[in-house]
Structures are given as structure tokens and as C-alpha cells.
There are 2 protein chains.
Amino acid sequence: MTRISSVTAADPGDVVAEITAALHARGERMTTPRRTVVEVLARKPGHLTAEQVVAVTASPVHRASVYRTLDALCDLGVVQHIHVGHGATAYHLVDPSGPHPHGQCRHCGHIYDLPRRILDAATRRLHRDIGFRLDAHHVALSGVCASCATTDID
Amino acid sequence: MTRISSVTAADPGDVVAEITAALHARGERMTTPRRTVVEVLARKPGHLTAEQVVAVTASPVHRASVYRTLDALCDLGVVQHIHVGHGATAYHLVDPSGPHPHGQCRHCGHIYDLPRRILDAATRRLHRDIGFRLDAHHVALSGVCASCATTDID
DNA sequence: GTTGTTGCAAATTGTTTGCACTGGT
DNA sequence: ACCAGTGCAAACAATTTGCAACAAC
């Protein structure tokens with residue numbers, strides 16, 4: 001079974017095949033730059049900014065194309081983008097079990113995957129109390145991670 | 001009793017006096033541009049971007065000075081800044097009862113004050129489970145507000 | 001009279017867009 | 001061959017910075 005994960009590196013070949021099919025189903029195309037970007041996302045675990053993708057592509061892909069590709073992949077639903085408080089938007093392949101919340105350490109800047117249901121109670125309460133439908137995985141929560149907590153003086 | 005609130009407009013005179021004292025206690029100065037910015041924040045309820053502050057100042061204050069002033073006021077602890085997923089950082093005077101979480105409607109863009117304890121459970125669990133110390137009021141959560149929920153097709 | 005602050009202009013960072021051209025299908 | 005997608009350059013938005021002049025204390 002194909003595993004697409006932000007944490008474990010996925011098989012780039014599988015991911016490319018899968019996404020190619022999804023693109024074709026929409027009348028869109030799998031191009032060399034797009035393949036290159038997908039391969040980067042599949043190989044690199046974790047959360048990458050557009051600029052980081054540009055930096056690590058083997059064959060050069062233009063900045064603008066990387067942005068447009070990531071956009072297209074988000075529309076397709078195969079990539080998740082996360083706004084981080086300070087700094088650039090981060091992207092990663094969506095986990096097979098769907099998107100999950102994120103937290104950024106304000107000390108080291110690292111982005112962590114958070115437990116999928118961590119905001120369930122808040123989501124329910126917000127909806128019930130003020131009708132706000134929380135989108136738990138669109139922005140990275142801010143905080144200080146375990147490894148920085150000991151060092152942090154703020 | 002002085003009331004500094006993001007929702008209710010506060011008495012600009014009171015707020016200026018209070019903040020002047022806080023600045024002096026640190027060897028910093030209350031200048032005309034700073035007073036102007038503080039008065040805007042005190043008069044305008046809600047959440048303003050630096051650009052919006054620039055736009056509404058009676059006597060003109062330079063962009064850069066507005067940014068630096070807001071920064072200084074955040075350092076002082078009298079202003080709270082909120083990163084919003086898409087768009088500029090928002091600022092407001094801190095509530096007397098302290099900072100609170102925020103949510104931005106991805107449909108209309110409006111920023112809402114959320115109940116102060118809405119993320120308490122998540123905060124506790126994150127700390128206990130993975131040692132992540134959540135800063136619940138530093139970023140605006142994303143979602144769809146009640147009034148947009150009926151219209152939203154996404 | 002110090003020295004913290006300001007205004008200005010210019011640099012930075014992240015991202016988008018118009019357009020002629022190219023490469024998938 | 002058609003047209004989605006590319007590269008490029010330029011625009012854009014939000015923010016920061018170096019520096020000389022200025023104004024609080």
C-alpha cells in the first residue's frame with residue numbers, strides 16, 4: 001500500500017504516478033517541473049517552504065513555477081500548506097489519513113506535526129458557542145518545543 | 001478603573017498616561033508619533049494592521065515609525081500582536097485580563113476574539129504528551145465565522 | 001546635552017502576474 | 001495542433017535597516 005507521509009519519505013515513483021493520475025483526471029498535465037517538485041516533496045520528509053523546494057531541485061525549476069505547482073497540488077488535495085506565524089508558508093504531501101495540525105517552535109523555528117485530534121474539543125466548543133467553524137490544520141500554532149523549553153528564557 | 005480593551009474603546013488619555021509611565025520606567029520616551037499611535041489603538045476597537053494605523057493617524061507618522069512603535073509597545077506588554085495566516089500582522093491594546101486567542105474568518109477576513117480558555121485542554125495535552133508549550137494567543141486560528149458559514153461553499 | 005526616536009530611502013523577503021514561448025497530450 | 005504550463009522580468013505587499021537630523025528627558 002502506498003504511503004504518502006510528511007514524516008516518512010514516500011516512494012517518489014508511486015507518488016508521481018498517483019498525482020499524475022489525479023492531474024489527468026482534471027485535464028491537467030504532469031510536466032517535468034511538476035514531477036521535479038513532487039519528487040522533492042516525496043523524498044524530503046518534513047515541511048518545506050517554496051524557496052527550500054527551489055533550492056533542492058536537481059534540475060532547476062523557476063521560483064514562479066514552484067509556487068504555481070505547489071498551488072496546483074494544494075488544489076488537487078495532495079499537498080497541505082501551512083501558514084506559519086513568522087516566515088514563509090510551508091508545504092508537504094498530505095498524510096494518507098488526511099491533514100493534521102502543526103505547531104511551530106518560536107525559538108528554533110522547527111515545525112512539528114501535532115496529534116490529529118488535539119483541537120477537537122476547541123473545534124466543537126467554538127462551533128457550538130459562537131458558530132465559528134475552526135479549520136484546525138491551516139495555520140501552525142505557536143509555542144516552544146520540548147528541546148528548546150529548557151533553554152528558553154522568554 | 002481604567003479599561004483597556006480590544007473590543008471597547010478605551011479613554012485615550014488614560015491609556016497614554018499609563019503607557020507613558022511604563023515607557024519611562026524603562027528609560028524610554030513618549031514621543032508625538034508614539035502618542036499618536038497609542039491614541040489610534042485606544043480609539044479604534046478591534047484589530048489593526050500597521051498599515052491601517054498609518055492610514056488613520058491624524059498627524060502623519062511614517063510607516064517605519066509605526067512599525068517600530070508597535071514593536072516597542074509589544075515589548076512593553078501593552079500591545080498584543082497576532083499573526084494572521086494570510087495578510088498582515090494585527091495589533092491591539094491588551095485586555096486588562098490579559099491576552100486571548102483569535103480566529104480569522106477565511107471568507108470575510110474578519111478577526112474575532114475567542115474565549116480565553118478555548119485552547120486550555122489542547123495546551124495541557126500538548127505539554128503533557130510532547131512537551132510543546134503552546135502559546136495560545138500568538139497566531140489567529142483559521143476558520144469560517146458564523147455569518148459567513150451560511151454563504152460559504154468551500 | 002545626551003541619546004532614544006524619527007523620517008526618509010533603500011534593501012529584504014515572500015509571493016504574484018503579464019506575456020511570449022514551449023512541451024504534454 | 002492545441003492549450004496548459006513554463007521561464008523571465010517586473011510588480012507587489014509587508015516589513016526592516018542604515019543613517020543623518022531631531023526632540024524628549
Side-chain angles (χ1 to χ4, degrees), chain A residues 16-17 19-40 47-55 57-76 79 81-91 104 109 111 139-140, chain B residues 16-17 19-40 47-55 57-76 79 81-91 104 109 111 139-140:
Chain A
V16 168
I19 293 181
T20 301
L23 284 168
H24 288 172
R26 282 205 184 188
E28 293 173 20
R29 296 168 186 180
M30 175 52 83
T31 63
T32 308
R34 287 185 171 182
R35 187 159 22 243
T36 308
V37 168
V38 170
E39 280 164 358
V40 167
H47 314 86
L48 300 173
T49 64
E51 219 56 44
Q52 289 174 320
V53 173
V54 171
T57 47
S59 40
V61 179
H62 194 273
R63 237 176 214 73
S65 300
V66 168
Y67 278 105
R68 284 185 286 221
T69 296
L70 290 172
D71 233 54
L73 297 176
C74 285
D75 273 7
L76 257 195
V79 162
H81 74 283
I82 315 127
H83 296 291
V84 294
H86 196 69
T89 302
Y91 300 84
Q104 186 194 33
I111 296 175
V139 299
Chain B
V16 168
I19 293 180
T20 303
L23 284 167
H24 288 173
R26 282 204 185 188
E28 295 172 20
R29 294 168 188 181
M30 175 53 82
T31 64
T32 308
R34 286 185 172 182
R35 187 158 21 241
T36 307
V37 168
V38 170
E39 280 163 358
V40 167
H47 314 84
L48 300 173
T49 63
E51 219 57 44
Q52 289 174 321
V53 173
V54 171
T57 47
S59 41
V61 179
H62 195 273
R63 240 174 211 72
S65 299
V66 169
Y67 279 105
R68 283 183 288 219
T69 296
L70 290 171
D71 232 55
L73 297 177
C74 286
D75 273 8
L76 257 195
V79 162
H81 73 282
I82 316 128
H83 296 291
V84 294
H86 196 68
T89 303
Y91 300 83
Q104 186 193 31
I111 297 175
V139 299

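No experiment lies behind these values; they were computed from the predicted model shown.
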* Asked: Between atom CG in B/D71 and atom C1' in D/dT17, what is the gap in whole Å?
  -> 13 Å
* **Per-nucleotide protein contact string for nucleotides 2-15 of chain D, where B marks a base within reach and S marks sugar-phosphate only (heavy atoms under 4.0 Å, - for neither)** => -BBSBBB-----SB
* Heavy-atom closest pair, residues B/A88 and B/T49 -> CB-CG2, 3.8 Å
* For B/R35 and D/dA23, give me the distance from atom CZ to atom C1', rounded to whole Å. => 12 Å
* To do: Start with the C-alpha distance between B/Y67 and B/E51, add both sets of side-chain angles, then the distance that settles side-chain contact (heavy atoms from CB on, under 4.5 Å), and finish with yes or no.
  => CA-CA 9 Å; B/Y67 279 105; B/E51 219 57 44; 3.7 Å; yes
Taking distance alone, no hydrogens or angles, what donor-acceptor pairs closer than 3.5 Å link side-chain atoms of residues 19-30 of chain A to residues at least two apart or in another chain?
unit_1 : atom_1 : unit_2 : atom_2 : d
A/T20  : OG1    : A/V16  : O      : 2.6
A/R26  : NH2    : A/D75  : O      : 3.0

* To do: Can you tell me which stems DNA chain C forms, taking runs of 3 or more consecutive Watson-Crick or G-U pairs with both distances under 3.5 Å?
  => C:1-10 with D:16-25, C:15-25 with D:1-11
* Asked: Rounded to whole angstroms, how far apart are NE2 on B/H24 and P on C/dT3?
  -> 17 Å
* Would B/Y91 and B/L48 satisfy side-chain contact (heavy atoms from CB on, under 4.5 Å), going step by step from the backbone distance to the final call? -> CA-CA 5 Å; B/Y91 300 83; B/L48 300 173; 5.6 Å; no
* Least distance between heavy atoms, B/G85 atom then B/Q104 atom -> N-OE1, 4.3 Å
* Asked: Could you walk me through whether B/I82 and B/T89 pass the side-chain contact (heavy atoms from CB on, under 4.5 Å) check?
  -> CA-CA 6 Å; B/I82 316 128; B/T89 303; 5.8 Å; no
* Heavy atoms only: give me the nearest B/V84-B/A140 pair and the separation to one decimal. => CG1-CB, 3.8 Å
* Structure fact -> Only residue of B/V61, B/T69, B/V66 satisfying side-chain contact (heavy atoms from CB on, under 4.5 Å) with B/T36 is B/V61
